[in-house]
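In each ligand, atom 1 is the first atom listed, and ligand 1 is the first ligand listed.
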Amino acid sequence: MADIVVPSVIFSGTELTGPAIDRLSRRIGDLNDIFHDKAALAAMPAAQTVYEVASYFPVPDGTEAGLFFGITYIHPGKVGNEYFMTKGHFHKLRDRGEMYMTIEGEGMLILMDENRQTHAEKMYPGSLHYINGHIAHRTVNTGNTILTFSAVWPSDAGHDYDTISTEGFSKILIEKDGKPALVENNL
Ligand code: M6P
Ligand code: ZN
């Protein structure tokens, strides 16, 4: 290997580019489980993008003690009175933590422990969020512009989506009187 190597993965501050970037889009039609207002959901175009993730996986998934890096872009919007948000997950290896940093936009990080105790942290440009292991996490765009944040997580953490898709979070973030409100999820 040459002494000096120029990385081919570049993070511009908002965009992640390079040959090894994995990109995924989550659309309304992929997110039937997570939004509470099923009638409002059914009235929206299934192909409408809710969020996109660009990730850099420098080591294979499952590698012990490696790290992954991702940028998530949540579009502004709502399904009924519930803001656009990510699916949310626990880590498969429950004790693995994660770090988020907000790049642009405004939002909320919803955190739920294994006893279903839920609270939220405000996300704003520069806000840093340490997510302990054993905590489910979901991000929500509460603004009128795209919410962009970076994430770093262990390459052996894995995603447990099933627990959230069957049980949900105990609280949801809705717009109430023109403002975000974290309320009990009664569904
Ligand atoms: C962050 C990280 C990723 C995650 C993404 C979208 O970038 O936590 O691991 O995939 O957000 O969240 P979700 O997987 O819950 O849809
Ligand atoms: Zn995670």
Task: Protein heavy-atom partner closest to atom 8 (O) of ligand 1 - residue, atom, separation in Å - done: Glu98 OE2, 2.6 Å
Open item on the list: For the backbone of Ile34 and the side chain of His36, can you confirm whether one donor and one acceptor N or O come within less than 3.5 Å of each other?
Closed with: no
- [ ] Say whether, by atom type as modelled, one donor and one acceptor occur between the side chain of Arg26 and the main chain of Val53 under 3.5 angstrom.
- [x] no
Open item on the list: Could you identify the single nearest non-hydrogen protein atom to atom 16 (O) of ligand 1 and state the distance to 0.1 Å?
Closed with: Tyr51 OH, 2.4 Å
Open item on the list: Walk me through whether Tyr83 and Leu147 qualify under side-chain contact (heavy atoms from CB on, under 4.5 Å).
Closed with: CA-CA 12 Å; Tyr83 299 100; Leu147 172 67; over 6 Å; no
Open item on the list: Please give the atom name: the N, O or S atom of Glu98 nearest to the Zn ion (ligand 2).
Closed with: OE1
- [ ] Mind telling me whether Phe149 and Tyr100 have parallel, tilted or perpendicular rings, with 30° and 60° as the class edges?
- [x] tilted
Task: CG/Asn144: more than 12 non-hydrogen atoms of other groups inside 6.0 Å - done: no
TODO: Using a cut-off of strictly less than 2.8 Å, determine whether His159 has an N/O/S atom near the Zn ion (ligand 2).
DONE: no
- [ ] Starting from the Zn ion (ligand 2), look over the N/O/S atoms of His89 and name the nearest one.
- [x] NE2
TODO: Report the distance from atom NE2 of His129 to atom CD of Glu121, rounding to the nearest 0.5 Å.
DONE: 6.0 Å
Open item on the list: Can you tell me if Tyr100 contacts ligand 1 (heavy atom of the residue under 4.0 Å from the ligand)?
Closed with: yes
Open item on the list: For the residue pair His91 / Glu98, report whether a side-chain donor-acceptor contact shorter than 3.5 Å exists.
Closed with: yes
- [ ] Note the single closest protein heavy atom to atom 14 (O) of ligand 1, along with its residue, its atom name and the distance in Å.
- [x] Tyr161 OH, 2.4 Å
Open item on the list: If we ignore hydrogens and angles and just use 3.5 Å, is the side chain of Lys38 paired with the main-chain N or O of Phe35 as donor and acceptor?
Closed with: yes
TODO: Around atom 9 (O) of ligand 1, find the nearest protein heavy atom and jot down its residue, atom name and distance.
DONE: His159 NE2, 2.8 Å
TODO: Enumerate the atoms of ligand 1 whose separation from the nearest heavy atom of Ala151 is less than 4.0 angstrom.
DONE: 1 (C), 2 (C), 7 (O)
Task: Closest approach of any protein heavy atom to atom 12 (O) of ligand 1, naming residue and atom - done: Thr86 CB, 3.8 Å
Open item on the list: What is the name of the N/O/S atom of His91 that is nearest to the Zn ion (ligand 2)?
Closed with: NE2
- [ ] Examine His89 against ligand 1 and note whether any of their N/O atoms are separated by less than 3.5 Å.
- [x] yes
Open item on the list: If I apply the N/O under 3.5 Å rule, does Phe149 come out as touching ligand 1?
Closed with: no
Open item on the list: Give me the residue, atom name and distance of the protein heavy atom closest to atom 1 (C) of ligand 1.
Closed with: Thr72 OG1, 3.4 Å
Open item on the list: Checking the side chain of Tyr51 only, and the main-chain atoms of Lys87 only, is there a donor and an acceptor separated by less than 3.5 Å?
Closed with: yes
